[in-house]
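Notes follow once the structure below has been shown.
Just so it is clear, the model here is predicted, and its values are computed rather than measured.
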Amino acid sequence: MTFFGRSRVASALVLAMGMAITACGAEADQIPGTVCGTRVSPELTRSVLTSTEELVESSRVDRQEEISAPCTWYSQGRPVLELHFYWSMDAPKLAERSPYDSIFADVAEWRTMELGEEAIVGTNGSIVSAPCESGRSKQFTLELHLPEAKITDEGRRKDIEKFMRAYFPATVKTLSCG
């Protein structure tokens, strides 16, 4: 085999190895089909994430005890998706609140949307609430916040809304609502 023949074989091997490494990296970035205890399409989840590398979930949510708590997804140690689960006796009455109320702090440029009993969607998050009667509460509210999302990115709003339209009803089905 000539030098040029060996060079081509070596180049082909390097290219093949590079493709294999890239494929392994794609495997590592797989999106789970469950987010914070609720099954949801990985494509919908991927659409709201700013990064999918080294995803780790940390959850303090206890659906059985109805304890209000966060569930956070981290990518390379940085929070990329935060869900806050709230159980209460009363609805948050979003329409009656001032636009400057602290409840809206993690949802920029929000607008109302038709989902649950009351809902808003913004460029970096959403809040949805619906009746959920059980032993300790009458209302369930879910807040989504994307800490790395740019609040000026209007394109994110559609992805957030699609995610919440799938995620919120699926989450409510996992609760012991009567």
Side-chain angles (χ1 to χ4, degrees), residues 30-50 52 54-75 77-149 151 156-157 159-178:
Q30 289 288 329
I31 307 293
T34 302
V35 175
C36 301
T38 300
R39 294 185 54 72
V40 67
S41 162
E43 290 80 29
L44 287 174
T45 304
R46 182 183 309 277
S47 72
V48 297
L49 296 176
T50 53
T52 60
E54 301 172 24
L55 289 172
V56 175
E57 179 180 293
S58 172
S59 179
R60 296 193 330 227
V61 176
D62 185 339
R63 287 170 162 80
Q64 300 302 324
E65 293 296 320
E66 301 173 8
I67 296 171
S68 298
C71 177
T72 305
W73 272 27
Y74 295 89
S75 174
R78 295 180 333 267
V80 291
L81 182 145
E82 298 172 343
L83 287 164
H84 296 269
F85 294 69
Y86 298 103
W87 285 268
S88 64
M89 292 304 288
D90 298 313
K93 299 178 183 168
L94 300 174
E96 296 175 15
R97 293 176 179 261
S98 161
Y100 306 105
D101 193 306
S102 62
I103 195 170
F104 303 119
D106 288 335
V107 184
E109 302 296 321
W110 59 268
R111 298 179 186 147
T112 60
M113 73 174 179
E114 297 293 322
L115 180 62
E117 184 174 271
E118 54 183 334
I120 62 167
V121 62
T123 56
N124 67 340
S126 178
I127 301 172
V128 183
S129 185
C132 180
E133 291 200 34
S134 61
R136 295 176 51 186
S137 65
K138 292 186 178 183
Q139 195 75 18
F140 174 70
T141 302
L142 181 68
E143 179 184 347
L144 165 70
H145 176 62
L146 305 173
E148 293 189 332
I151 63 173
R156 278 239 180 248
R157 185 186 311 274
D159 293 333
I160 293 167
E161 184 172 344
K162 285 180 190 175
F163 178 83
M164 288 300 274
R165 286 192 182 284
Y167 190 81
F168 184 78
T171 299
V172 171
K173 285 181 183 178
T174 70
L175 305 176
S176 300
C177 299

Tell me, with the steps shown, if Val121 and Met164 meet side chain to side chain contact (heavy atoms under 4.5 Å, CB included). CA-CA 9 Å; Val121 62; Met164 288 300 274; over 6 Å; no
Applying side chain to side chain contact (heavy atoms under 4.5 Å, CB included) to Ile127 and Trp110, what does each step give before you reach the verdict? CA-CA 9 Å; Ile127 301 172; Trp110 59 268; over 6 Å; no
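Side-chain contact between Glu96 and Asp101: absent, with no pair of heavy atoms (C-beta onward) separated by less than 4.5 Å. Pro70 places none of its side-chain heavy atoms less than 4.5 Å from the side chain of Glu82. A 4.5 Å side-chain heavy-atom check between Tyr167 and Leu142 finds at least one atom pair inside the cut-off. Side-chain atoms of Leu94 and Thr112, non-hydrogen and from C-beta on, never get closer than 4.5 Å to each other. With a 4.5 Å cut-off on side-chain heavy atoms, Phe140 and Val172 count as touching. With contacts defined as side-chain heavy-atom distances shorter than 4.5 Å, the pair Thr52/Ile31 qualifies. Contact of the Pro131 side chain with the Lys138 side chain is not registered, since no non-hydrogen atoms from C-beta on lie closer than 4.5 Å. Glu66 has its side chain within reach of Ser134: a pair of non-hydrogen atoms, C-beta onward, lies under 4.5 Å apart.
Note: Ser126 OG to Arg165 CZ = 9.5 Å, rounded to the nearest 0.5 Å. Interatomic distance, OG of Ser75 versus CD of Glu54, reported as 7.0 Å (0.5 Å rounding). Rounding to the nearest 0.5 Å places NE2 of His84 at 9.5 Å from CZ of Arg60. To the nearest 0.5 Å, the span separating CD1 on Ile120 from CD on Glu109 amounts to 11.5 Å. Note that OG1 of Thr50 and CG of Leu81 are 9.0 Å apart. Values are rounded to the nearest 0.5 Å. Here the OG1-CD1 distance, from Thr141 to Ile103, works out to 7.0 Å after rounding to the nearest 0.5 Å.
Residue Glu118 comes nearest to Ala91 through the heavy atom pair OE2-CB, 3.5 Å, listed as atom of the first residue, atom of the second, then distance. The shortest heavy-atom contact between Ser59 and Cys71 is CB-SG, 3.5 Å. Residues Leu44 and Ala166 share a closest heavy-atom pair of CD1-CB, 3.5 Å. Here the shortest heavy-atom pairing between Asn124 and Ala108 reads OD1-N, 2.6 Å. Heavy atoms only, all atoms of each residue included: Phe104 and Ser98 are closest at CE1-O, 3.2 Å. Taking each heavy atom of Ser88 and Ser137 in turn, the nearest pair found is O-CB, 3.3 Å.
In summary, Arg157 and Glu161 do not engage in a salt bridge, as defined by a charged side-chain N under 4.0 Å from a carboxylate O.
Just one residue in the list Val56, Leu83, Leu49, Val48 forms a side chain to side chain contact (heavy atoms under 4.5 Å, CB included) with Trp73, and that residue is Leu49.
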Would you be so kind as to tabulate the donor-acceptor pairs closer than 3.5 Å made by side chains of residues 32-42, with sequence neighbours excluded?
residue: Thr38; atom: OG1; partner: Arg63; partner atom: NH2; Å: 2.7
residue: Thr38; atom: OG1; partner: Thr171; partner atom: OG1; Å: 2.9
residue: Ser41; atom: OG; partner: Glu43; partner atom: N; Å: 3.2
residue: Ser41; atom: OG; partner: Glu43; partner atom: OE1; Å: 2.8

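Dense packing is recorded around CD1 of Ile67, with more than 12 heavy atoms of other residues, nucleotides or ligands lying under 6.0 Å away.
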